[in-house]
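So that the names make sense, note that chain A is the first sequence line, chain B the second, and so on, each numbered from 1. We use all heavy atoms of the structure for the numbers below, so side chains are in, but hydrogens, waters and symmetry mates are not.
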Amino acid sequence: MRLSQFYLPTLKETPKEAEIASHRLMLRAGMVRQSSAGIYTWLPLGHRVLRRIEQIVREEQDHAGAQEMLMPTIQPAEVWRKSGRYDDYGPEMLRIIDRHERELLYGPTNEELITEIFAATVRSYRDLPKMLYHIQWKFRDEVRPRFGVMRGREFLMKDCYSFDLDYEGAVRSYRKMFVSYLRTFARMGLKAIPMEAATGPIGGDLSHEFIVLAPTGESAVFCDREVLDIDVLSEDVDYGDDGALGAVIDRFTRVYARTEEKHVAADFEKTVPEARRYEGRGIEVGQVFYFGKKYSTPMGAVVTGPDGQAVTVEMGSYGIGVSRLVGAIIEACHDDNGIIWPDAVAPFDVEIINLRPGDEACDAACMEAYAKLQSAGKDVLYDDRDERPGVKFADADLIGIPWRMVIGPRGIKDGKVELKRRDGTVADEVSLAVALDRLAAAARG
RNA sequence: CGGGGAGUAGCGCAGCCUGGUAGCGCAUCUGCUUUGGGAGCAGAGGGUCGGAGGUUCGAAUCCUCUCUCCCCGACCA
C-alpha cells in the first residue's frame, strides 16, 4: 500500500477526550473515530489490526476443536424470557421494538440463542461434545463507556459455547478453551495471566479471567512473577490429551495470581517470596466459565444418553474481547512517540520510507524494495508522500509498523539503506539486498 | 446512577465576567524556496459560536429549557 493513497487521517494533536495512551494513540494514528459514546468507526489502519487479531483468535479456536458459525446481532426477547434473563439483565440490554410491536434486543451475549439452536437440533449423546463459536458485534449499554475501544458499548467479541454430556466432559472442554486462550494471547505478544474469577451475571461456579498486565488497566492484580515467564507457545499442544492440558493449566494455576476481588494479602505474603511478588494493574481480555445446566435446563437442551434416558447437557461459555484487545495491546506496547505493534497483529509488516521522492536513485531503490517484499508475502506500507523526513519519521513512530526501511540520498550513494525495528532492537545500515534478505527471513509472529 | 467539567473552523484553544456582528496556533489549498526527525515566505478557503425559546435597537456573550460529550466514583468482554 502506498501511503499517498492510503486513507490514514493522523492527528498531530490529541483530541481532548482521550485520556489513556491506547485511546489517544488510536485516534492520533487514524485507527478509529468515535461515532457516539462508546461506539466507534474502524478506519482502515484500525480495521487491519482488528482483522489480524480476529484471525489469530479464529485459528486458535479452530485448533482447539471449536467450530465457527455466525449468530445475529438482533435477538428476539422471547428466548431471554425463557432463560429468565430478560428482566434480570437490566438497562444494560438495548431493547428494540420493531414495526409489528415485537420485542427485540441487540445481543449483549449469546447463551440463550445458541442453547435454543442446540436444543432444537441435537438429540443424541453421540453428537457430543460440541464447541461452537462466533465472532460478532455485541452491545451493552454501559452507564459510562470510557477508554476508547476498551470499554465501548458496541464491541467485537468472540464467544464460544461448549456442550457436554456430563461434568467431566464439561471440564475437558473448559480446559481446551483455557489452553487455547493462553496460546491466543501469547501469539499476540501479550502476557495474559489467568486469574480466578467471580462468575457474575453469566453464572456458574468455575471461571477464570485472562488479564493483560498494563499500568492503565481497570483491575488491580497480584501475582507471582514466575507466572510471567511461562512459555506456552514453544510446545505443541494435543487438545485430545486431557492430561497434557491439565498439566499446562496446573503450571499457571498453582502459583498465586488474583485480581483485587479475590486477593488475600496474607495468602499472597505467605505463598510468594517477596522478590517474586508482582503488584500492578491489568486489563481483562478474556474470561472462561463453566456453568453447568443454568441455561440447558430452562431452554430444554436435552439429549438421549447411552442408556436411553434423557440427559440435560452441561455447558460453558468462553469470551474474548476482540476489539478490546486492540486497545489492550497498545496499552502494553507503546512509547512516547507512538504504538509498537507486536509482529503478529501489526497492520503492516514493513514500512518503507522514501526520504526523497523524485530522486531517481531513491525512487528506484524504494520500488525495488516494495516489489520484492510484496512478492515475498509481506504486507508493505510505502511512504511515498511528498513530505519532509521529520513528518515521515513522526508518522512512522506513531503508527508503529515493526520493521522500517529508510531509503534516502545520503545512504543510497554508498549503496546502503537503514533497517530498523520500531521496538529499537535493530538499527543497521546495510545494502538493499541484505536488508531484503533479512526482512524475508523475519518471522511474522 | 451520584459528583464534577466542556460544547466557538478538521484538531487544540482565546473571546463570555463588563452585549456592538468572531479570532489565534496547527491542519487544508495555491505559488516559490527547502528536504536524514513534525520547514520558511507570500497568498487563499473554511464557522447555523451544540439546539430551542426569551431579554435587548443589537446576543458567542445575559436568562430559561434541552441535547451531546468528557472526567472521578459505583458496575462490566
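In this structure, Arg404(A) pairs ionically with Asp397(A), as a charged nitrogen and a carboxylate oxygen lie closer than 4.0 Å. Arg251(A) has no carboxylate O lying under 4.0 Å from a charged side-chain N of Asp231(A), or vice versa, which leaves the two without a salt bridge.
Remark: C69(B) base-pairs with G5(B). Criterion, Watson-Crick or G-U wobble with two distances under 3.5 Å. Of all nucleotides present, only U30(B) satisfies the Watson-Crick or G-U wobble test against A42(B), with each distance under 3.5 Å.
Aromatic ring centroids of Phe118(A) and Tyr295(A) lie 6.0 Å or more apart. Taking the six-membered ring for Trp and the full ring otherwise, the centers of Tyr133(A) and Tyr318(A) sit at least 6.0 Å from each other. For Tyr382(A) and Tyr370(A), the distance between ring centers is under 6.0 angstrom.
Tyr89(A) has its OH atom 12 Å from the C1' atom of C75(B), to the nearest Å. Residue Lys420(A) contributes atom NZ, which lies 15 Å from atom P of G36(B) at whole-angstrom precision. Here A74(B) presents its C1' atom at 9 Å from CZ of Arg146(A), a figure rounded to the nearest Å. In this structure, Glu387(A) places its CD atom 16 Å from P of U35(B), rounding to the nearest Å. Rounded to whole Å, the distance from CG on Asp383(A) to C1' on G38(B) is 13 Å. Rounded to whole Å, atom P of C11(B) lies 8 Å from atom CG of Leu11(A). Whole-Å rounding puts the Leu398(A) CG to A27(B) C1' distance at 15 Å. We find that CG of Asp141(A) is positioned 11 Å from P of C1(B), with the value rounded to whole Å.
Contact annotation: Arg388(A) side-chain N/O to A39(B) OP1/OP2 distance is under 4.0 Å. Taking 4.0 angstrom as the limit, Arg144(A) places a side-chain polar atom (N or O) nearer than this to OP1 or OP2 of C72(B). Regarding contacts with the backbone of A27(B), a side-chain N or O of Lys12(A) is found under 4.0 angstrom from either OP1 or OP2.
Val322(A) pairs with exactly one of Lys158(A), Arg51(A), Arg58(A), Met157(A) by the side chain to side chain contact (heavy atoms under 4.5 Å, CB included) rule, that one being Lys158(A).
Proximity note for Pro389(A) (side chain, C-beta onward) versus C72(B), U35(B), C70(B): the nearest is U35(B). Distance from the side chain of Glu218(A) is smallest for C75(B) among the nucleotides C70(B), G36(B), C75(B). Nearest nucleotide to the side chain of Gln34(A), out of U35(B), A74(B), C70(B): C70(B). Listed candidates were A77(B), G38(B), G37(B). Nearest to the side chain of Asp397(A) is G37(B). Of all nucleotides listed (U35(B), G36(B), A77(B)), A77(B) comes nearest to the side chain of Phe155(A).
Between Lys416(A) and Glu142(A), the residue anchored closer to the 5' end of RNA chain B is Lys416(A), taking for each the nucleotide with the nearest heavy atom. The residue among Val143(A) and Ser35(A) whose nearest nucleotide of RNA chain B is located toward the 5' end is Val143(A).
Here the separation of G53(B) from A59(B), taken at their P atoms, is 13 Å to the nearest Å.
With no hydrogens or angles considered, a side-chain donor-acceptor pair links His263(A) and Tyr256(A) at under 3.5 Å.
No engagement by Arg385(A) is indicated, since no non-hydrogen atom pair under 4.0 Å with the nucleic acid exists. Asp395(A) comes within 4.0 angstrom of a base, heavy atoms only. Residue Lys16(A) is in sugar-phosphate contact alone, with no base atom involved, counting any heavy-atom pair closer than 4.0 Å across all strands shown. Residue contacts for Val322(A): at a heavy-atom cut-off of 4.0 Å it reaches no nucleic acid atom on any strand shown. At a threshold of 4.0 angstrom between heavy atoms, the contacts of Glu13(A) include nucleobase atoms, whether or not backbone atoms are also involved.
With centroids closer than 5.5 Å and planes inclined by less than 30 degrees as the test, Phe393(A) and the base of G36(B) fail to qualify as a stacked pair.
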